[in-house]
There are 2 protein chains.
Amino acid sequence: MSTTAPSDDIGTRLRLVRQIYGLTQRELARRAGVTNGAISLIEQNRVSPSISSLKKILDGIPLSLADFFTHNFAASDQVFFAAAELTEIAFGETVSMRMVGGNLKERALQMLQETYQPGADTGEEMLRHQGEECGIIVSGSLTITVGAQEKTLQPGDAYYFRSDIPHRFRNPGPAPCVLISANSPPSF
Amino acid sequence: MSTTAPSDDIGTRLRLVRQIYGLTQRELARRAGVTNGAISLIEQNRVSPSISSLKKILDGIPLSLADFFTHNFAASDQVFFAAAELTEIAFGETVSMRMVGGNLKERALQMLQETYQPGADTGEEMLRHQGEECGIIVSGSLTITVGAQEKTLQPGDAYYFRSDIPHRFRNPGPAPCVLISANSPPSF
DNA sequence: CAAAACTGTTGAATATTCTAAACGCCGGGA
DNA sequence: TCCCGGCGTTTAGAATATTCAACAGTTTTG
């Protein structure tokens, strides 16, 4: 139950949050009803703000005290990922995935670009894990089995199911199949 | 991203946490390296503490800033459940479960059966470890101390508390006590 | 290039919090 | 009963946070 303690470097933390939200000290100060000087001093850790001041400032973002202390902003400040930055994962010869934000922590969501070569098959045993998953076919076609249901999806088609329902992905066609999928919570 | 905002009534919040942990203002002040007067003023909301002060105080409990702002202590301060309060769950005609703390959140537990012979006592020093624990008395009776609260439980009664709150189990009666308990994460 | 508009920082004055030492209250023992 | 030790509260003064206004640097505009 004990949350991992974030850095108690409040100043850096505030500065980071403010910059993520694209605000200047003066703009945030105006919204929060404090002076820009106060924010400057806090961000330099030259003073330790009172809760009331910090709350006023966070209200100007807006962000709750709980979120301010809970989230690891340093780890989530990367918003854009070049194609080359996506983490590549291979399963055997026929299935590969490119993961968005594999370096991020505490994420509630995971997005993958999955490629199934002709003949690829996640197997008879049927996958089962926690969470939910969802995806859209980008190119090629893919036969997906979820529980008792089975369907071959074409580009533009999509799926959404609870991951604890046994499921299986196969590519019976002659062309590779690419799809974009999302899982929550991340399964790896 | 937005966590449900806890009350910004810092004073009441601090008082509640302090009392849950069974500390007096003076004892907490001593551990935290602040004066009891400061804690008194904060708990009355007559001042809004600086982050540095609040952090010092919470360190004396100990509790992280994140946990302080995140957890809803008011909602989880029910430690004891009367036999009649246990949530009854039925699976068909033949299977039923009686659930402890169905209203609590963030549960992830493992169960054990424990037997306490007459006179058994986990000791004056009060146990403290990570995680949460929970249990139901099966037979006999057991006196449990959690923070400032103490109660002698009878068969059918139950408990649920965070394990970092100091606790102690004693069997003052003439008969062995059997209970079913659960821990998260497993502490042994 | 210069002026204007912005950025973050700083020093002196003000406002607030924190400490130290007292207060009043209550319960337990001689 | 009185006294002692504990509790939370209060007050004046020391320590700290915040404001206000000015400063220097950078980018934008003309």
Side-chain angles (χ1 to χ4, degrees), chain A residues 7-65 68-69 73-74 77, chain B residues 7-63 65 68-69 73-74 77 124-126 145-151 165-166 168:
Chain A
S7 153
D8 19 296
D9 179 356
I10 303 300
T12 306
R13 200 170 181 74
L14 176 59
R15 172 159 292 172
L16 198 52
V17 170
R18 176 175 63 78
Q19 290 173 340
I20 287 174
Y21 282 81
L23 298 171
T24 66
Q25 289 182 347
R26 281 184 154 85
E27 173 58 16
L28 178 54
R30 190 191 61 73
R31 295 195 196 185
V34 300
T35 61
N36 60 304
I39 294 180
S40 177
L41 294 172
I42 292 168
E43 290 188 352
Q44 296 170 75
N45 283 321
R46 292 177 43 171
V47 300
S48 176
S50 69
I51 294 291
S52 61
S53 298
L54 183 59
K55 175 156 195 340
K56 277 199 286 184
I57 292 169
L58 294 179
D59 282 348
I61 288 182
L63 190 70
S64 74
L65 283 163
F68 179 77
F69 285 106
F73 296 99
D77 67 347
Chain B
S7 157
D8 352 313
D9 179 356
I10 304 300
T12 305
R13 199 171 182 75
L14 176 59
R15 173 159 294 172
L16 196 53
V17 170
R18 175 175 63 79
Q19 290 174 340
I20 286 174
Y21 282 81
L23 299 170
T24 67
Q25 290 181 348
R26 283 183 154 86
E27 172 59 16
L28 178 54
R30 191 191 60 72
R31 296 195 196 185
V34 300
T35 60
N36 61 303
I39 294 179
S40 177
L41 293 172
I42 293 167
E43 290 188 352
Q44 298 170 78
N45 284 319
R46 295 185 34 179
V47 300
S48 177
S50 69
I51 294 291
S52 62
S53 298
L54 183 59
K55 176 159 194 340
K56 276 198 287 185
I57 292 169
L58 294 179
D59 282 348
I61 288 184
L63 189 69
L65 284 164
F68 179 76
F69 286 107
F73 295 99
D77 68 348
E124 194 75 58
E125 319 98 84
M126 308 280 270
T145 309
V146 179
Q149 302 181 60
E150 178 169 303
K151 188 165 185 180
I165 301 176
R168 178 186 190 184

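Given the structure is predicted, the values throughout are model-derived calculations rather than measurements. Hydrogens, waters and symmetry mates are skipped; everything else that's a heavy atom, side chains included, is used.
- In terms of the side-chain contact (heavy atoms from CB on, under 4.5 Å) criterion, residue partners of A:Thr12 (sequence neighbours excluded) are, by chain and number, A:Asp9, A:Asn45.
- Contact between the side-chain N/O atoms of B:Ser50 and the OP1/OP2 oxygens of C:dC18 is found at a separation under 4.0 Å.
- Not counting sequence neighbours, the partners of A:Val34 by the side-chain contact (heavy atoms from CB on, under 4.5 Å) test are A:Ala29, A:Ala32, A:Ile39, A:Lys56, A:Ile57.
- By the 4.5 Å heavy-atom criterion applied to side chains, B:Ile51 and B:Leu65 are counted as neighbours.
- Between A:Ile61 and A:Leu63, the shortest heavy-atom contact is CB-N, 4.0 Å.
- Between the CG atom of A:Leu54 and the P atom of C:dT16 there is a distance of 18 Å, given to the nearest Å.
- In this structure, A:Ser48 reaches the sugar-phosphate backbone alone: every heavy-atom distance under 4.0 Å involves primed, P, OP1 or OP2 atoms, never a base.
- Regarding B:Ile42, its CD1 atom lies at a distance of 10 Å from the P atom of C:dT17, rounded to whole Å.
- With sequence neighbours excluded, the residues satisfying side chain to side chain donor-acceptor pair (under 3.5 Å) with B:Glu43 are B:Arg15, B:Arg18, B:Gln25.
- One interatomic measurement links the two molecules: CG of A:Leu14 to P of D:dA17, which rounds to 15 Å at whole-angstrom precision.
- Every residue two or more places apart in sequence or in another chain that forms a side chain to side chain donor-acceptor pair (under 3.5 Å) with A:Ser52 is listed here: A:Ser50, B:Ser48.
- Here B:Glu27 pairs with B:Leu23, B:Thr24, B:Arg30, B:Arg31 under the side-chain contact (heavy atoms from CB on, under 4.5 Å) rule; sequence neighbours left out.
- Inter-axis angle, ends of the helix from C:dC1-D:dG30 to C:dA30-D:dT1, five pairs per end, rounded to 10 degrees: 10°.
- Residues A:Phe68 and A:Ile10 are in side-chain contact: their nearest non-hydrogen atoms beyond the backbone lie under 4.5 Å apart.
- Taking atom CD1 of residue B:Ile51 and atom P of nucleotide C:dT17, one finds them 13 Å apart after rounding to whole Å.
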Using a cutoff of under 3.5 Å, can you pull out all pairs of nitrogen or oxygen atoms linking the protein to nucleotides 6-14 of chain C, with atom names and distances?
from: C:dT7; atom 1: OP1; to: A:Thr24; atom 2: OG1; distance (Å): 2.9
from: C:dG8; atom 1: OP1; to: A:Arg18; atom 2: NH1; distance (Å): 3.0
from: C:dG8; atom 1: OP2; to: A:Gln25; atom 2: N; distance (Å): 3.0
from: C:dG8; atom 1: N7; to: A:Arg26; atom 2: NH1; distance (Å): 2.6
from: C:dG8; atom 1: O6; to: A:Arg26; atom 2: NH1; distance (Å): 3.2
from: C:dG8; atom 1: O6; to: A:Arg26; atom 2: NH2; distance (Å): 3.2
from: C:dT9; atom 1: OP1; to: A:Arg15; atom 2: NH2; distance (Å): 3.4
from: C:dT9; atom 1: OP2; to: A:Arg15; atom 2: NH2; distance (Å): 3.1
from: C:dT9; atom 1: OP2; to: A:Gln25; atom 2: NE2; distance (Å): 3.0
from: C:dT9; atom 1: OP2; to: A:Ser40; atom 2: OG; distance (Å): 2.9
from: C:dT9; atom 1: O4; to: A:Asn36; atom 2: ND2; distance (Å): 2.9
from: C:dT10; atom 1: OP2; to: A:Gln44; atom 2: OE1; distance (Å): 2.8
from: C:dT10; atom 1: OP2; to: A:Arg46; atom 2: NH1; distance (Å): 2.6

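- If you check every strand for non-hydrogen atoms under 4.0 Å, A:Val47 touches a base.
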